[in-house]
Protein chains: 2
Amino acid sequence: MTESIRDILASCGFFAEVREDSLDRLASMARRKHYVKGEQIFRQGEPCPGLFVVGAGSVRVFKTSPSGKEHVLHIIGPGETFAEVAVIGEFPCPAYAEAVQETSTVLLPSGPLIRELESNHALCLQLMRGMARWVRHLVSLMEDIVLRDAGERLARHLLEASAGESQPFALSQLKKDLASHLNLTSETLSRTLRRLADAGLIEQLGSQRLRIIRREELQHLADGVYPKL
Amino acid sequence: MTESIRDILASCGFFAEVREDSLDRLASMARRKHYVKGEQIFRQGEPCPGLFVVGAGSVRVFKTSPSGKEHVLHIIGPGETFAEVAVIGEFPCPAYAEAVQETSTVLLPSGPLIRELESNHALCLQLMRGMARWVRHLVSLMEDIVLRDAGERLARHLLEASAGESQPFALSQLKKDLASHLNLTSETLSRTLRRLADAGLIEQLGSQRLRIIRREELQHLADGVYPKL
DNA sequence: AGTCGTCCTTGACCTAGGTCAAGCCGCGCA
DNA sequence: TGCGCGGCTTGACCTAGGTCAAGGACGACT
């Protein structure tokens with residue numbers, strides 16, 4: 001819990017290949033920020049304070065519509081970062097961020113970080129690759145939302161979240177947040193899980209854990225080959 | 001039409017701040033590629049040939065679902081680039097690309113470009129900023145699709161496409177492609193345009209041009225404040 | 001001028017998924 | 001040990017937008 005700034009930065013993929021001395025420089029410009037459950041980290045439209053690295057806890061990044069609906073873009077866990085895009089593009093926060101639980105982060109303030117980027121080529125390359133991954137993820141999320149129905153979307157998500165193995169695993173977020181991420185209501189998510197369970201493709205173990213029983217068929221469903229349900 | 005490779009690169013925002021000598025290096029590694037109307041440029045899943053810069057014409061970048069539906073991510077016009085993300089992330093083409101019309105492009109092959117990036121800091125910064133913009137655009141498209149209804153989506157698109165002024169302007173793409181981009185069917189797009197026209201917010205001039213009449217109200221509609229239609 | 005091939009428009013109908021309402025479950029707290 | 005509250009489930013109903021089908025407009029060839 002009381003990891004040092006250095007430790008948290010080092011645990012983050014973005015800074016994996018950065019040289020020791022520049023890691024020190026980054027650490028010296030960084031501040032720790034701590035948030036209680038439900039606390040707002042920043043609001044859409046605010047100037048972006050900098051790049052956040054999560055040390056412990058998790059953060060919900062989401063957008064809202066005028067009518068009050070919200071869409072969670074991403075849940076960020078330990079070792080992951082957020083707001084990097086706004087820092088680099090130097091535009092205001094494009095979304096809201098809020099702590100799901102008690103969360104500790106490291107903040108690399110925009111100004112110094114941008115200056116560091118001007119001179120630190122390795123860091124620049126890293127961030128660029130990180131952003132490329134983020135774009136790919138976004139595009140694939142969009143693809144899901146636009147091209148697939150609820151069942152296919154959910155199947156794809158479960159396959160990815162289960163990380164390959166057929167052991168029971170925990171959803172890394174509340175069902176309602178997962179539903180929002182997949183652009184579903186929690187009611188529909190609930191019903192869809194039920195159908196998968198009834199068809200014997202998965203098994204629900206309590207409300208946060210589940211197990212994939214017939215990975216093969218779930219994969220077919222995700223690919224849209226399966227005769228639906 | 002027969003602009004030089006240099007000219008096309010120079011016309012592209014990405015390379016605006018790149019020094020003369022590295023622009024020369026880039027030009028020397030580049031090849032021209034020319035496509036006829038409807039020709040495939042690359043297919044999803046193929047290794048990415050490199051970064052494309054459009055000189056003339058336009059390119060449709062889209063994804064398809066197993067069931068055959070397609071979603072156009074972006075229409076790329078002169079001076080714009082595509083496939084940069086795949087080059088930088090070194091993953092396969094994440095979508096299909098196809099020439100909408102007769103199109104000429106410059107291709108900067110992946111290998112040499114990546115090597116150039118390793119040593120060219122200015123180029124690296126440029127590409128990073130370009131990607132940040134692309135992420136912002138993607139997020140805002142997603143926001144539209146997920147949080148807004150057909151009317152709001154269309155209103156937002158029109159306001160953006162009209163580039164501020166109240167002059168008549170041309171849609172930069174076929175209506176069916178625009179519909180797909182906004183995740184609508186062309187039927188719904190047609191009906192929605194009709195409603196806007198009936199309400200006197202816009203005027204349709206032929207099938208590719210239109211004019212915004214009551215920008216104010218269109219803006220309200222886009223913002224979701226307007227009492228719908 | 002005629003014919004074909006796109007694209008666009010319009011109408012009638014349908015359905016995936018959202019909305020609303022009720023009840024249940026599980027956990028933290030007194 | 002009971003209470004309250006947030007999250008989850010289920011059912012009944014509704015609607016935005018998709019699907020299907022039938023023209024209409026317009027340009028590119030012959």
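Every chain is numbered from 1 and lettered A, B, ... according to where its sequence line falls, protein lines coming before strand lines. Since the structure is predicted, the reported quantities are computational estimates derived from the model, not experimental observations.
When the P atom of C/dT19 is taken as reference, atom CG of B/Asp149 falls 12 Å away, rounded to whole Å. Atom C1' of nucleotide C/dT9 and atom CG of B/Leu210 are separated by 15 Å, given to the nearest angstrom. Rounded to whole Å, atom P of C/dC8 lies 10 Å from atom CD of B/Gln173. With rounding to whole Å, A/Leu174 atom CG is found 19 Å from D/dC5 atom P. The nearest whole Å value for the distance from the CZ atom in B/Arg195 to the P atom in D/dA16 is 9 Å.
Under the 30°/60° scheme for interplanar angles, the aromatic rings of B/Tyr96 and B/Phe62 are found to lie parallel. Ring geometry for A/Phe52 against A/Phe82 counts as parallel: the plane angle stays under 30°, on a 0 to 90° scale with 60° as the upper cut. Below 30°, between 30° and 60°, or above 60°: for B/His181 and B/His157 the angle between ring planes is above 60°, a perpendicular geometry.
Checking the phosphate oxygens (OP1, OP2) of C/dG18, a side-chain nitrogen or oxygen of A/Thr188 falls inside 4.0 Å. Between B/Arg191 and D/dG17 there is no side-chain polar atom (N or O) within less than 4.0 angstrom of OP1 or OP2. Proximity of A/Thr185 to the phosphate of C/dG18: a side-chain N or O atom is located under 4.0 Å from OP1 or OP2. One finds a side-chain N or O of B/Lys176 lying less than 4.0 angstrom from the OP1 or OP2 phosphate oxygen of C/dC7. At D/dG18, none of the side-chain N or O atoms of B/Lys69 fall inside 4.0 Å of OP1 or OP2 (strictly under the cut-off).
The backbone N or O of A/Glu70 sits less than 3.5 Å from a side-chain atom of A/Ser180, completing a donor-acceptor pair.
B/Leu189 comes within 4.0 angstrom of nothing in the nucleic acid, heavy atoms only. Across all strands shown, A/Asn183 has heavy atoms under 4.0 Å from sugar-phosphate atoms exclusively, and none from any base.
When each of C/dT9, D/dG18, D/dT9 is scored by its nearest atom to the side-chain atoms of A/Ser190, the top-ranked nucleotide is D/dT9. For B/Gln208, counting side-chain heavy atoms from C-beta on, the closest listed nucleotide (C/dT9, C/dC8, D/dC8) is C/dC8. The side chain of A/Glu187 has C/dT19 as its nearest neighbour among C/dT19, C/dC8, C/dG18.
With values rounded to the nearest 0.5 angstrom, A/Ile202 atom CD1 is found 7.5 Å from A/Leu218 atom CG.
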